[in-house]
Amino acid sequence: MEFKAEQLASTLIIGSDYVADVAGFADKAVNAGVTMIILNETRLEGVEKQNLAQYIRDITRAKQVAFLIADDVKLAEAVTADGVYVSDRHQVAEVSAAAVVAGLYTGVAINNRTELLEDVPAGLAFYSVSPVYPSAHVDETQPIEHLAGLTTVVQNSTLPVVAMGGITVARLKDIVRMGVHGAAAVDAFVNAADLDATVKAFNDTFGGMTVDQALGNTRYGLAIPGKHTNAVQGELH
């Protein structure tokens with residue numbers, strides 16, 4: 001599946017560290033309408049991990065949901081995933097080169113504007129910025145810059161951006177004003193009392209955005225990326 005920025009709208013990060021029944025929850029999430037799944041599986045190995053990845057690939061393909069695997073080009077190629085999520089930005093050039101050969105795109109995790117790549121490798125499709133808010137799943141030594149840091153990434157990025165870390169439905173209204181194309185989460189989905197309603201909230205928030213709005217128009221009060229002007233910052237929670 002070719003990458004499109006709107007696939008970032010509701011991104012589920014899933015793995016055995018986050019939920020007991022990964023396959024079962026992935027199935028529920030796909031049926032609820034998530035637009036992307038990133039498999040970050042650290043406990044399973046070998047055939048078990050490949051079988052899980054293949055199952056998620058099959059259900060995501062059936063619903064036209066983007067599917068990425070964290071840090072494993074060989075597995076992503078084996079199950080014909082759409083891409084590879086690179087958790088260590090220092091590896092992005094190497095991983096992206098291998099991914100392109102395998103017909104995959106990549107996304108890479110960064111913390112702030114200083115980590116934007118000067119030379120964007122072929123195949124790199126998006127940045128994830130985390131943690132936007134404190135998160136039990138992200139262990140960072142650098143100070144969290146919250147929405148102000150997210151804004152500066154969007155303003156200076158040549159690629160679409162997805163927000164990650166401490167994302168909740170209540171915070172979506174602030175996050176969308178920063179010009180991102182979507183939000184990625186674990187707990188917001190896994191712990192949702194109503195998964196369908198939660199996914200709908202994500203998709204309704206980001207799904208109607210045009211490219212111009214994401215780049216920064218008067219509706220969101222943002223500057224076009226690369227222009228250093230003031231952006232409207234939402235309320236911190």
Side-chain angles (χ1 to χ4, degrees), residues 1-14 26 29-40 53 56-70 73 76-77 79-87 92 95-110 116-117 120-130 132 150 153-164 167 172 175-185 188-189 198-217 219-220 222 224-226:
M1 181 188 300
E2 182 181 353
F3 174 77
K4 296 180 180 179
E6 53 262 35
Q7 293 165 354
L8 300 172
S10 55
T11 298
L12 167 68
I13 301 102
I14 195 69
V30 166
N31 287 318
V34 294
T35 55
M36 178 180 284
I37 291 181
I38 298 174
L39 177 62
N40 182 27
I56 299 176
R57 167 70 293 184
D58 291 343
I59 62 173
T60 52
R61 179 184 287 116
K63 294 284 190 178
Q64 292 294 297
V65 174
F67 177 48
L68 284 73
I69 296 176
V73 176
E77 182 179 18
V79 302
T80 64
D82 298 304
V84 178
Y85 180 72
V86 186
S87 61
V92 68
V95 174
S96 292
V100 167
V101 172
L104 309 167
Y105 61 80
T106 56
V108 63
I110 64 172
L116 287 168
L117 302 173
V120 177
L124 183 61
F126 68 91
Y127 290 105
S128 74
V129 179
S130 69
V132 179
L150 181 60
V153 170
V154 172
Q155 289 175 333
N156 290 276
S157 174
T158 58
L159 299 175
V161 175
V162 60
M164 184 183 297
I167 307 298
L172 294 178
I175 295 167
V176 71
R177 295 176 67 191
M178 301 304 105
V180 297
H181 280 83
F189 297 122
T198 297
V199 173
K200 185 177 186 299
F202 276 68
N203 290 340
D204 286 351
T205 298
F206 300 104
M209 290 183 70
T210 66
V211 173
D212 286 342
Q213 287 169 344
L215 291 179
N217 63 7
R219 177 179 176 188
Y220 293 104
L222 290 173
I224 295 175

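In this structure, Ala122 and Val100 approach most closely via the heavy-atom pair O-CG2, 3.3 Å. Minimum interatomic distance between Asn203 and Ser10 (heavy atoms only, all atoms of both residues): OD1-OG, 2.7 Å. Considering every non-hydrogen atom in both Ala184 and Ile13, the closest pair reads CB-CD1, 3.5 Å. Here the closest heavy-atom approach between residue Pro160 and residue Ala125 is recorded as CD-O, 3.2 Å. Residues Gly33 and Val199 approach most closely at C-CG1, 3.4 Å, considering heavy atoms. Summarising the geometry of Ala99 relative to Thr106, their closest heavy-atom pair is CB-CG2, 3.6 Å, with the distance given to 0.1 Å.
Under the side chain to side chain donor-acceptor pair (under 3.5 Å) criterion, Arg57 pairs with Thr60, Asp82, not counting sequence neighbours. Take Thr198 and apply the side-chain contact (heavy atoms from CB on, under 4.5 Å) test, not counting sequence neighbours, and it matches Val169, Phe189, Ala192, Phe202. With sequence neighbours excluded, the residues forming a side chain to side chain donor-acceptor pair (under 3.5 Å) with Tyr85 are Ser128, listed by chain and number. Checked against side chain to side chain donor-acceptor pair (under 3.5 Å), Lys4 has no partners two or more places apart in sequence or in another chain. Considering only residues two or more places apart in sequence or on other chains, Asn31 meets the side chain to side chain donor-acceptor pair (under 3.5 Å) condition with none of them. Under the salt bridge (Lys or Arg N to Asp or Glu O under 4.0 Å) criterion, Lys63 pairs with no residue at all, not counting sequence neighbours.
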Q: Test side chain to side chain contact (heavy atoms under 4.5 Å, CB included) on Val108 and Phe126 and set out the steps.
A: CA-CA 7 Å; Val108 63; Phe126 68 91; over 6 Å; no
Q | Test side chain to side chain contact (heavy atoms under 4.5 Å, CB included) applied to Met164 and Val132, step by step | A | CA-CA 6 Å; Met164 184 183 297; Val132 179; 5.8 Å; no
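Between the side chain of Glu77 and the backbone N or O of Ala98 there is no donor-acceptor pair closer than 3.5 Å.
Note that CG of Asn40 and OG of Ser87 are 7.0 Å apart. Values are rounded to the nearest 0.5 Å. One finds the CE atom of Met1 at 10.5 Å from the CG atom of Leu68 (value rounded to the nearest 0.5 Å). Taken from NE2 in His181 to OG1 in Thr11, the straight-line distance is 12.0 Å, to the nearest 0.5 Å. Rounded to the nearest 0.5 Å, atoms CZ (Phe206) and CD (Glu6) are 13.5 Å apart. Atom CZ of Phe3 sits about 9.5 Å away from atom CG of Leu124, to the nearest 0.5 Å. To the nearest 0.5 angstrom, Leu12 atom CG is 11.5 Å from Met36 atom CE.
Shown are Val154, Val153, Val180, Val162; of these, the side chain to side chain contact (heavy atoms under 4.5 Å, CB included) with Val129 is made only by Val153. Screening Val79, Ile56, Ile37, Ile38 against Ile69 for a side chain to side chain contact (heavy atoms under 4.5 Å, CB included) leaves a single residue, Val79.
Within the 4.5 Å cutoff, no side-chain heavy atoms of Ser96 are placed close to those of Tyr105. Contact annotation: the side chain of Leu172 approaches that of Ile167 to within less than 4.5 Å [non-hydrogen atoms, C-beta and beyond]. Looking at Met178 and Val161, their side chains never come closer than 4.5 Å, going by heavy atoms from C-beta outward. With a 4.5 Å cut-off on side-chain heavy atoms, Thr35 and Val65 do not count as touching.
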